[in-house]
Amino acid sequence: MKPARTRFAPSPTGYLHVGGIRTALFAWLVARQTGGQFVLRFEDTDKKREVEGAREHLIKSLRVLGLDYDEGPDIGGPYGPYTQSERLDHYKKWAQKLVDMGRAYADPFAPEEVQAFREQAQKEKKPFLYRNHRPENPPAWDGTQPLRFKSEPKAYQWHDEVMGDLSTGPEVIDDFILIKSDGYPTYNFAHVIDDLEMEITHIIRGQEFIASQPNYLNLYEALGIERPHIATVPHIMGPDGKKKLSKRDGAKDVLDYVRDGFLPESLVSFIATMGWNDGTEQEIFTKDELVQKFRLSRVQKSGARFDEQRLVWMNGHYIRQMSLDDLFQKVSDYWPKEAADASDNYKKSVLALVQERLKFFSELPELTSFFFTDLPVNPELVSGHKQLKKVDSGEIKSLLEQARETIASSDFSAEDLQERLNKLLESTGQKPAVLFSLVRIATTQAPASPGLADTLAVLGKEVSLRRIDAMLQTL
RNA sequence: GGCCCCUUCGUCUAGCGGUCCAGGACUCCGGGUUCUCAGUCCGGCAAUCGCGGGUUCGAAUCCCGCAGGGGUCACCA
């Protein structure tokens, strides 16, 4: 495969959600698997929509997920600058060329007049085409009017790497605006020029551009540009499956997932497999495998719904596979406050017990807080327990006292604790559901915890007995 | 409304004319793992392949209609 130059060209108008990052990921994968370059470009030609801090946020999102780019606004490159507002002279030059060729002209109408044309078309239930109103003798372009492309309507067919062969009739071709009256180019013009000058070979973008693709083809011809590869990826749909995933509907910033302790590896694998698979039954891919196996032609044509449950599952899967040391390093910022004074060794032994229960890092406090602090005695854990509530309180107290006694004589290895608890089970004739639950509740005061013997062993003798005593006082 | 695209279990999907009365994964349900939660193992529910015609000995797979959904018709990208 020839080295591909792909780009991700967001406008700095906000954060990136999983839908946006997917487009970037696909472009990155194509560049990496062909040994080409991945380019970041900011499309900031609409100053009104720009959001403060969005650029840094976008860059951080890509970095965090490991989608490194070879050229971009902050790192430069041979085709810079990589920010459209800094490339105005490029667009002017090409615009002038089109004017000279007779393929661009000044739009003499006031915005209200164009709007009136549009409404008229709407009333007649017809699509609006500016070229139906193309002026016969447009004024010379002085930069204060919008500059429009003089299109040559015709039917087009083209190949889309994802969608397959597409075609449209001449009725979709129109005289779109190249340069706005504020001097900035439109997306429609700027991206064509940039992709040309930056020698982009594969344009990978969202579905919303499929309808304007023939117009770009028309412009390519006017400019004598060879068609790049085009790939249109469908939108990720929101949970209702009807509309595309949007920030309005609560689509989370990918950085929020990272902050919640989702691993970049699992996010990447999850996002890649939303609407793509390699044809086998493999469900989870490393980044290297994706680079090797990803194919635009195997991207689904229809939009996939965003299923957070699947992401949670996948992240848990990754966490379980990690080495304890690796995991320990990564969760360092997620421990409960009460763990501040705990030793690394202690925290590591706690982590070993919860590793297989952890789905994402921010769950760590709720899973482990009782390892670091004595939770208040909660009588409801007994009164609401389906087995314990059937046992009378005298019996409970007696059982707990006996448990205290056997535990007290243990060396507090998990094995010894287990052995002694088993013996107590025999001597009291109790069901584990009663005895073990009782001890577990007494020593953790938590609705759920890891296995009893393991938990006790980590808590240690002093803490375990202290908590049992506290509980006994309330009985 | 015009144009374009899409349509397989609740969800993500496999499937490119016979091996599919449709396979996998997530979710859900049941059981095992001496207590809970999670994990794990075993098992289960779940798509008459949007609908209707055709082509064919044979269709989820090809063709034609229809319906539903999405996109677009901006001096937004």
Side-chain angles (χ1 to χ4, degrees), chain A residues 9-11 13 43-46 48-49 107 111 114-115 118 121-130 145-148 160 163-164 166-169 171-172 174 176-188 190-191 205-214 232 234-235 237 239 241-244 270 273-284 300-307 309-314 316-317 320 354-359 363 367 381 385-388 418 421-422 425 431-441 444 446-452 455:
Chain A
S11 62
T13 52
E43 311 221 316
D44 60 340
T45 55
D46 186 359
K48 298 180 293 292
R49 295 208 314 153
D107 175 352
V114 178
Q115 183 57 24
R118 200 186 332 270
Q122 214 164 47
K123 226 168 67 185
E124 292 168 15
K125 301 255 187 206
K126 288 163 78 174
F128 169 65
L129 282 174
Y130 181 93
Q145 319 97 323
L147 184 72
R148 282 190 185 264
D160 186 293
M163 294 305 210
L166 302 176
S167 59
T168 52
E171 67 281 352
V172 303
D174 198 14
F176 60 91
I177 290 179
L178 302 169
I179 307 278
K180 299 183 269 186
S181 59
D182 65 3
Y184 281 82
T186 58
Y187 166 83
N188 297 143
H191 92 271
R205 77 214 327 174
Q207 216 184 31
E208 64 270 31
F209 297 106
I210 204 163
S212 35
Q213 188 61 52
T232 306
H235 288 132
M237 311 303 272
K242 302 269 186 187
K243 299 184 293 190
K244 72 170 174 175
F270 170 72
T273 54
M274 284 182 90
W276 173 85
N277 68 80
D278 71 344
T280 71
E281 286 178 354
Q282 187 168 348
E283 304 281 344
I284 292 176
Q300 211 71 17
K301 290 182 178 142
S302 54
R305 205 174 295 199
F306 176 63
D307 182 5
Q309 275 187 134
R310 191 176 163 81
L311 171 61
V312 169
W313 163 76
M314 202 175 278
H317 180 89
R320 271 169 254 131
V354 298
Q355 175 167 13
E356 61 186 23
R357 283 150 238 264
L358 196 61
K359 304 282 181 44
E363 283 187 322
L367 253 31
L381 289 176
H385 189 104
K386 61 180 187 295
Q387 298 283 342
L388 291 178
Q418 192 60 263
L421 286 165
N422 286 347
L425 221 43
K431 292 185 288 191
V434 170
L435 183 65
F436 288 2
S437 295
L438 181 60
V439 178
R440 203 187 59 73
I441 288 167
T444 64
S449 69
L452 182 54
T455 302

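Residue numbering restarts at 1 for every chain, and letters A, B, ... go by the order of the sequence lines. This one's a predicted model, so the numbers in the text were calculated from it and none came from an experiment.
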For nucleotides 59-61 of chain B, print each protein N/O atom paired with a nucleotide N/O atom at under 3.5 Å, atom names and distance only.
none

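Going from atom CE of Met274(A) over to atom C1' of C12(B) covers 8 Å, rounded to whole Å. Straight-line distance from the CH2 atom of Trp276(A) to the C1' atom of U13(B): 12 Å, rounded to whole Å. Distance Asn277(A) CG to A14(B) C1': 7 Å, rounded to the nearest Å. What separates CG of Leu367(A) from C1' of U36(B) is a distance of 12 Å, to the nearest Å. Rounded to an integer number of Å, the gap from Asp307(A) CG to C26(B) C1' is 6 Å. Between the C1' atom of U27(B) and the CZ atom of Arg305(A) lies a distance of 13 Å, rounded to the nearest Å. Between Asp278(A) atom CG and C12(B) atom P there is a gap of 19 Å when expressed in whole angstrom units. The separation between Lys301(A) atom NZ and U8(B) atom P is 13 Å, rounded to whole Å.
For the atom pair Ser302(A) OG and His235(A) NE2, the distance stands at 13.5 Å (nearest 0.5 Å). Distance check, rounded to the nearest 0.5 Å: CZ of Phe209(A) to CG of Asn188(A) gives 8.0 Å.
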Using side-chain contact (heavy atoms from CB on, under 4.5 Å), reason through Asp46(A) and Thr13(A) one step at a time and then give a plain yes or no. CA-CA 9 Å; Asp46(A) 186 359; Thr13(A) 52; over 6 Å; no
Thr232(A) vs Gln213(A), side-chain contact (heavy atoms from CB on, under 4.5 Å): CA-CA, chis, key distance, verdict: CA-CA 10 Å; Thr232(A) 306; Gln213(A) 188 61 52; 5.6 Å; no
Check against side-chain contact (heavy atoms from CB on, under 4.5 Å), His317(A) and Ile284(A): CA-CA 9 Å; His317(A) 180 89; Ile284(A) 292 176; 3.3 Å; yes
Go through the steps for Gln122(A) and Phe128(A) under the test side-chain contact (heavy atoms from CB on, under 4.5 Å), then give the verdict. CA-CA 7 Å; Gln122(A) 214 164 47; Phe128(A) 169 65; over 6 Å; no
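Across all strands shown, Gln418(A) has heavy atoms under 4.0 Å from base atoms, whether or not it also approaches the sugar-phosphate. Using a 4.0 Å heavy-atom distance criterion, Thr273(A) is classed as a sugar-phosphate-only contact. As judged by a 4.0 angstrom heavy-atom cut-off over every strand, Thr232(A) is placed among residues making no nucleic acid contact. Residue Lys431(A) is classed as having no contact, given no heavy-atom separation below 4.0 Å to the nucleic acid. Residue Leu438(A) is out of contact with every strand shown, counting any heavy-atom pair closer than 4.0 Å. Within the nucleic acid shown, Gly275(A) comes within 4.0 Å of sugar-phosphate atoms alone, with no base atom in reach, counting heavy atoms only. Using a 4.0 Å heavy-atom cutoff across all strands shown, Pro450(A) reaches at least one base atom of the nucleic acid.
Remark: G52(B) base-pairs with C64(B). Criterion, Watson-Crick or G-U wobble with two distances under 3.5 Å. Both distances falling under 3.5 Å, in either a Watson-Crick or a G-U wobble arrangement, occur for no nucleotide opposite C21(B). Across all strands shown, A47(B) has no partner, as no Watson-Crick or G-U wobble contact with both distances under 3.5 Å is found. Pair check for C26(B) finds G10(B); Watson-Crick or G-U wobble, both atom distances under 3.5 Å. With a cut-off of 3.5 Å on both pairing distances, the Watson-Crick or G-U wobble partner of C3(B) is G71(B).
Distance from the side chain of Lys125(A) is smallest to G1(B) among G1(B), C5(B), G23(B). Of the candidate nucleotides A38(B), U13(B), A25(B), A25(B) has the atom nearest to the side chain of Arg310(A). Considering only the side chain of Arg440(A), C35(B) comes nearest among C5(B), C35(B), C26(B). Distances were taken from every side-chain heavy atom of Thr168(A) (C-beta onward) to each of U27(B), G23(B), C4(B); the shortest belongs to C4(B).
Donor-acceptor pairing under 3.5 Å is recorded for the side chains of Ser449(A) and Arg440(A).
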How does protein contact run along nucleotides 40-46 of chain B, one letter per nucleotide 5' to 3', with B for base contact, S for sugar-phosphate only, - for none, heavy atoms under 4.0 Å? S------
For each nucleotide in nucleotides 70-77 of chain B, reading 5' to 3', give B when a protein heavy atom comes within less than 4.0 Å of its base, S when such contact involves only the sugar-phosphate, and - otherwise. SSSBSBBB
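Ile177(A) and Thr186(A) make their closest contact through O-OG1, 2.7 Å (heavy atoms, listed as atom of the first residue, atom of the second, distance). Listed here is the closest heavy atom pair of Ala433(A) and His385(A): O-NE2, 3.8 Å.
Only the C1' atoms considered, C28(B) is 12 Å distant from U11(B), to the nearest whole Å. C66(B) and C6(B) are spaced 15 Å apart, taking the C1' atom of each and rounding to whole Å. Only the C1' atoms considered, G15(B) is 9 Å distant from G23(B), to the nearest whole Å. Comparing the same atom, P, in G50(B) and in U61(B) gives a spacing of 8 Å after rounding to whole Å. For the C1' atom pair drawn from G52(B) and U7(B), the interatomic distance equals 15 Å after rounding to whole Å. Spacing between A46(B) and U13(B) at atom C1', rounded to whole Å, works out to 15 Å. Comparing the P positions of C41(B) and A60(B) gives an interatomic distance of 34 Å, to the nearest angstrom. Nucleotides G32(B) and C16(B), compared at atom P, are 41 Å apart to the nearest Å.
Residue Gln122(A) places no side-chain N or O under 4.0 Å from the OP1 or OP2 atom of G2(B).
Judged by closest nucleotide on RNA chain B, Thr280(A) is the one of Thr280(A) and Phe436(A) placed further toward the 5' end. Residues Gln300(A) and Leu358(A) each lie close to RNA chain B; by heavy-atom proximity, the contact nearer the 5' end of the strand is made by Gln300(A).
Lys244(A) places no side-chain N or O within 3.5 Å of a backbone atom of Gln207(A) that could act as its donor or acceptor partner. Checking side-chain atoms of Asp174(A) against main-chain N and O of Leu129(A) turns up no donor-acceptor pair under 3.5 Å. For the pair Ser437(A) (side chain) and Val434(A) (backbone), a donor-acceptor distance under 3.5 Å is absent. In this structure a side-chain-to-backbone donor-acceptor pair under 3.5 Å is missing from Thr45(A) to Tyr184(A).
Ring geometry for His191(A) versus Tyr187(A): interplanar angle under 30°, hence parallel rather than tilted (30 to 60°).
At a cut-off of 3.5 angstrom, the base of C37(B) holds at least one donor-acceptor pair with the side chain of Arg357(A).
A salt bridge links Glu283(A) to Arg310(A): one of the charged nitrogens lies within less than 4.0 Å of a carboxylate oxygen.
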